[in-house]
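Below is one structure, written out as structure tokens; the observations come after it.
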Amino acid sequence: MRILVIEDDMETAAYLVRGLEEEGHVVVSALEGRNGLMLAATEDFDVLLVDRMLPGLDGLAIVRTLRASGIQTPVLFLTTMSGIDDRVSGLNAGGDDYLVKPFAFSELAARVKALGRRPRTTAVATLLKVADLEVDLIKRTVQRAGQQITLQPREFRLLEYLMRHAGQVVTRTMLLENVWDYHFDPRTNIVESHLSRLRTKVEKGFTPELIHTVRGAGYCLREPG
């Protein structure tokens with residue numbers, strides 16, 4: 001199999017590469033998050049080994065970006081974070097398995113083989129487009145009518161969710177769960193305030209209006225007409 005190891009500890013990375021190569025695998029490694037993401041998004045791998053805590057871009061963000069882009073390469077998280085909530089957050093981000101450090105290499109090798117036996121899913125496009133608004137899920141860029149728009153990470157996730165559900169009404173609860181990972185109502189105007197800022201950035205100076213409030217239901221991003 002062809003395996004990508006994204007691990008910032010050089011000794012651990014070298015240990016994993018050496019052991020996996022001895023198992024007969026072809027191994028590529030990256031020591032920081034952004035480089036790891038670009039490799040995972042642009043090259044073909046059978047399994048990804050991803051550390052949770054990485055410089056540049058953490059493991060959760062890497063996997064969320066890949067999954068949002070339609071890249072379904074199996075992911076095994078490697079981490080010192082052993083709490084139940086930590087494991088749940090890793091799996092909810094799109095991870096397929098979770099191994100806590102320190103671990104026995106024999107167990108890691110067995111889990112890698114199990115993930116490699118899973119059927120592959122064909123990737124989908126990494127560019128979302130509605131009218132003249134474009135979101136590049138790999139480069140994490142947004143532009144409208146050819147003009148670059150700078151968004152904060154949460155604003156980007158909010159726009160991404162709206163774009164992926166273009167033409168559909170999404171509720172406040174759906175946004176809280178999928179953009180903020182809240183499974184309760186925080187009793188604040190967090191959704192409304194972020195939507196207001198997002199609208200200002202993607203609609204001020206542009207036509208037509210794309211983000212609409214559906215009274216009593218939620219919000220909808222749609223093309224005019």
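Hydrogens, waters and symmetry mates are skipped; everything else that's a heavy atom, side chains included, is used. No experiment lies behind these values; they were computed from the predicted model shown.
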Say whether, by atom type as modelled, one donor and one acceptor occur between the side chain of [X] and the main chain of [Y] under 3.5 angstrom.
X	Y	answer
Thr12	Asp8	no
Glu203	Ile211	yes
Arg157	Asn178	yes
Asn189	Glu192	no
Thr65	Ala61	yes
Arg52	Phe77	no
Gln152	Glu155	no

Among the clusters formed by ILVMFWY side chains lying less than 4.5 Å apart, do [X] and [Y] turn up in the same one?
X	Y	answer
Leu37	Leu31	no
Ile71	Leu91	no
Val169	Leu158	no
Met53	Met10	no
Tyr182	Phe156	yes

Mind checking the [atom1]-[atom2] spacing from [X] to [Y]? Nearest 0.5 Å is all I need.
X	Y	atom1	atom2	result
Trp180	Thr188	CH2	OG1	9.0 Å
Met38	Glu43	CE	CD	10.0 Å
Leu76	Phe103	CG	CZ	8.0 Å
Glu177	Thr171	CD	OG1	7.5 Å
Asp51	Glu7	CG	CD	4.0 Å
Leu198	Arg154	CG	CZ	13.5 Å

Salt bridge (Lys or Arg N to Asp or Glu O under 4.0 Å) evaluation trace for Asp132 with Arg144: CA-CA 5 Å; Asp132 59 352; Arg144 185 163 186 189; 2.8 Å; yes
Test item: Leu16 and Leu78 side chains (from C-beta on) under 4.5 Å apart, heavy atoms: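 Yes. Closest side-chain heavy atoms under 4.5 Å.
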Evaluation steps, side-chain contact (heavy atoms from CB on, under 4.5 Å), between Leu39 and Ile6: CA-CA 10 Å; Leu39 287 169; Ile6 309 177; over 6 Å; no
Arg140/Glu160 under salt bridge (Lys or Arg N to Asp or Glu O under 4.0 Å): CA gap, chis, key distance, verdict: CA-CA 10 Å; Arg140 311 299 283 178; Glu160 177 187 338; 3.7 Å; yes
Glu11, CD atom: more than 12 neighbouring heavy atoms under 6.0 Å: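 It does not: Glu11 CD has 12 such atoms or fewer within range.
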Asp96 and its salt bridge (Lys or Arg N to Asp or Glu O under 4.0 Å) partner, picked from Arg67, Arg111, Arg117: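 Going through the options one by one, the only one that passes is Arg67.
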From CA spacing to verdict: side-chain contact (heavy atoms from CB on, under 4.5 Å), Glu23, Phe105: CA-CA 11 Å; Glu23 292 277 322; Phe105 183 81; 4.0 Å; yes
Salt bridge (Lys or Arg N to Asp or Glu O under 4.0 Å) assessment of Asp9 paired with Lys101: CA-CA 12 Å; Asp9 183 85; Lys101 300 176 182 179; over 6 Å; no
Intermediate values then yes/no, side-chain contact (heavy atoms from CB on, under 4.5 Å), Arg172 and Asp185: CA-CA 9 Å; Arg172 186 173 185 274; Asp185 190 338; 3.1 Å; yes
Chi angles and distances behind the side-chain contact (heavy atoms from CB on, under 4.5 Å) call for Val27, Val5: CA-CA 7 Å; Val27 187; Val5 175; 3.8 Å; yes
